[in-house]
Colleague: 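Here it is, the structure in full.
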There are 2 protein chains.
Amino acid sequence: MSDSLSKKDDSIGAINRVKILAAAEKEFAIHGFKGTRVQHIADRAELPKTNILYYFKSKDGLYLALLQEILSLWNSSFDNAKAQDDPAQVLAAYIADKMEISRCRPDASKIFALEIINGAPNLSSFFKDQHSTWMNSRVAVIQQWIELGKLPEIDPYYLLFNIWASSQHYADFSAQITELKGHEMDQNEFANATKSLIKLILQGCGLTVPKQYQ
Amino acid sequence: MSDSLSKKDDSIGAINRVKILAAAEKEFAIHGFKGTRVQHIADRAELPKTNILYYFKSKDGLYLALLQEILSLWNSSFDNAKAQDDPAQVLAAYIADKMEISRCRPDASKIFALEIINGAPNLSSFFKDQHSTWMNSRVAVIQQWIELGKLPEIDPYYLLFNIWASSQHYADFSAQITELKGHEMDQNEFANATKSLIKLILQGCGLTVPKQYQ
DNA sequence: CAAAAACCAGACCAATTGGTCAGGTTTTTG
DNA sequence: CAAAAACCTGACCAATTGGTCTGGTTTTTG
């Protein structure tokens, strides 16, 4: 309890909460909220069902707790970008960040995607406001880059949508990708996909790809 | 019955089937398969629940019928592209096609997305094989373009993934887009988004945007 | 026009499943 | 070390919901 930013807690409750959240992330990603059975989460976490309800008041409560944890992943270096920064560097790093999340936390990405597709019924208006505010400030920075001549004319919204869409695709649509490629993408392929994506988007914006991303 | 390519049938059954499929598309897109209630589909279609089960044997049967209809939307002009065609023309048209589907059939796109995110549990292996075959042939054409010097070096997989991801994003994530833009995208904005996307991707590939898409 | 086919719908049911409860045991704490 | 807090869990329940059944009515067809 105490604090959401609490230091590592090795109490039995804290350990179980982590196990449950991990199990829930997998189940919700595969079956969606309605399709997920509390019993299956319990099985995966190797705990009796009643324990799940003990730690999280309800299925809803568990889902909400998980969603909140997932939303915290959305922070990145791009949050603090300024007009004086180099757009090529900032955007390349942002794309790389996003791809890394897709690689390491595909289930988190899927749950977020499911939530949005279903009309974001569980995203608090607090989050939405926060997100809109974030968006406005990032759009402003991109527009400043354009005014400063650091970036050719482009609609900032469509640029950001493109970055999100194409990076999250590797998590959300992994089943399709695996099917078409004939195998799951490994770390090496992710690195190639990231390079490819950075090149496509930066070049698409008329920017030069920084050396370290080539 | 008779033939899936049957001519317009105005029998009472045919009309009801269309009404039911339309209602189901909306419900499944919002609530997912498990979250959708047959009763809600019935309410939306303005028919008693038992009629839904009468026309489609079961909820599963209805979903599968709907999914099949949705998959038929995936066909496009790109299917017949040849090495001798102009990549800029072909890809621009393909992107425009995809964006048009996102605009006109967002619910269809969402249902497909939900299906893939959940691991494609209902996509027949027939569809998967067909899809893989399609992919191989399209990858081959793109590689020929590269060999012919009509297209700079690029991994065809990542190119296609990018096109799908960024175009489908406008349907699947419409809730987020509406929230961030402050309003739903209208036809005019879709046209701008399409131009923006075509420019980004073609330029990203090192191609020149054909005049009619500028 | 009669019979077959298609269509309609209220009543009902069995299975699933999120959640409660009561009575524990273990761990922490003052 | 005792009491409080945290943790654990089998038994149970109420509500939901996909689907059936039966007895119709309407439409089509030979």
Side-chain angles (χ1 to χ4, degrees), chain A residues 1-4 6-28 30-67 111 114 118 121-122, chain B residues 1-4 6-28 30-67 111 114 118 121-122:
Chain A
M1 299 283 153
S2 61
D3 190 5
S4 62
S6 61
K7 53 205 127 184
K8 192 170 104 190
D9 186 347
D10 60 352
S11 72
I12 185 160
I15 290 170
N16 280 344
R17 264 175 250 268
V18 169
K19 280 206 290 188
I20 293 168
L21 284 169
E25 186 169 312
K26 282 205 152 62
E27 290 295 323
F28 283 130
I30 300 171
H31 300 106
F33 178 75
K34 271 285 189 176
T36 292
R37 302 292 153 238
V38 175
Q39 183 63 61
H40 291 171
I41 295 174
D43 293 346
R44 193 183 281 273
E46 297 183 292
L47 288 169
K49 188 182 80 166
T50 16
N51 270 29
I52 311 294
L53 279 315
Y54 170 72
Y55 284 108
F56 300 87
K57 292 296 179 197
S58 63
K59 185 184 177 182
D60 266 271
L62 170 55
Y63 180 74
L64 256 27
L66 178 60
L67 196 57
I111 288 168
L114 292 172
N118 293 336
N122 293 295
Chain B
M1 299 281 152
S2 61
D3 190 7
S4 62
S6 61
K7 55 205 125 184
K8 191 169 105 190
D9 186 346
D10 59 354
S11 72
I12 185 160
I15 290 170
N16 279 343
R17 264 175 249 270
V18 169
K19 279 207 289 188
I20 293 168
L21 284 170
E25 186 169 312
K26 282 204 154 58
E27 290 295 322
F28 283 131
I30 300 172
H31 301 107
F33 177 75
K34 272 284 188 175
T36 292
R37 302 291 155 238
V38 175
Q39 184 63 60
H40 291 171
I41 296 174
D43 293 346
R44 192 184 281 274
E46 296 182 294
L47 288 170
K49 188 183 80 166
T50 22
N51 271 31
I52 310 295
L53 279 315
Y54 169 71
Y55 283 108
F56 300 87
K57 292 297 179 197
S58 62
K59 184 183 177 184
D60 266 271
L62 170 54
Y63 180 75
L64 255 27
L66 177 61
L67 196 58
I111 289 168
L114 291 172
N118 294 336
N122 293 294

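Below, chain A is the first sequence line, B the second, and so on; all start at residue 1.
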Colleague: For the side chain of A:Thr50, counting heavy atoms from C-beta on, which of D:dA11, D:dC8, C:dC8 is nearest?
Modeller: D:dA11

Colleague: What integer distance in Å separates A:Glu46:CD from D:dC8:C1'?
Modeller: 16 Å

Colleague: OP1, OP2 of D:dC8 versus side-chain N and O of A:Asn16: anything below 4.0 Å?
Modeller: yes

Colleague: Between P on D:dG18 and NZ on B:Lys49, what's the gap in Å once rounded to a whole number?
Modeller: 6 Å

Colleague: Quick one: closest heavy-atom pair of A:Ile111 and A:Glu25, and the distance?
Modeller: CD1-O, 3.4 Å

Colleague: Runs of at least three consecutive Watson-Crick or G-U pairs, both distances under 3.5 Å, are what I'm after; which ones involve DNA chain C?
Modeller: C:1-30 with D:1-30

Colleague: Of all the heavy-atom pairs spanning A:Ile20 and A:Ala45, show the shortest one and how long it is.
Modeller: CA-CB, 4.3 Å

Colleague: Can you list, in residue-number order, the parts of residues 35-44 of chain B that come under 4.0 Å of DNA chain C, counting heavy atoms only?
Modeller: none

Colleague: Write down the atom of B:Phe56, the atom of B:Arg17, and the distance for their closest heavy-atom approach.
Modeller: CZ-CG, 3.8 Å

Colleague: Quick one: pull up CZ in A:Arg44 and CD1 in A:Ile30 and give me the separation to the nearest 0.5 Å.
Modeller: 5.0 Å

Colleague: Residues from residues 51-64 of chain B sitting under 4.0 Å of DNA chain C, heavy atoms only?
Modeller: B:Asn51, B:Tyr54, B:Tyr55

Colleague: Testing the basics here: between B:His31 and B:Thr36, what is the closest heavy-atom pair and its distance to 0.1 Å?
Modeller: CB-OG1, 3.6 Å

Colleague: Can you see which heavy atom on A:Leu53 is nearest to which on A:Ser58, and at what distance?
Modeller: CD1-CA, 3.7 Å

Colleague: Fit a plane to each ring of A:Tyr63 and A:Phe28, take the angle between them on a 0 to 90° scale, and name the class: parallel (under 30°), tilted (30 to 60°) or perpendicular (over 60°).
Modeller: perpendicular

Colleague: Atom NZ of residue position B:Lys26 - does it have more than 12 heavy atoms of other residues, nucleotides or ligands inside 6.0 Å?
Modeller: no

Colleague: Which atoms form the tightest heavy-atom contact between A:Leu62 and A:Ala24, and what is the distance?
Modeller: CD2-CB, 3.9 Å

Colleague: When the distance from CD1 of A:Ile15 to C1' of C:dT27 is rounded to whole Å, what number comes out?
Modeller: 13 Å

Colleague: Round to a whole Å and report the spacing from NZ of A:Lys34 to P of D:dA15.
Modeller: 15 Å

Colleague: To the nearest Å, how far apart are A:Arg17 CZ and D:dC8 C1'?
Modeller: 14 Å

Colleague: CG/A:Asp43 to NZ/A:Lys49 distance, rounded to the nearest 0.5 angstrom?
Modeller: 10.5 Å

Colleague: What's the separation between atom CG in A:Leu67 and atom CG in A:Asp60, rounded to the nearest 0.5 Å?
Modeller: 11.5 Å

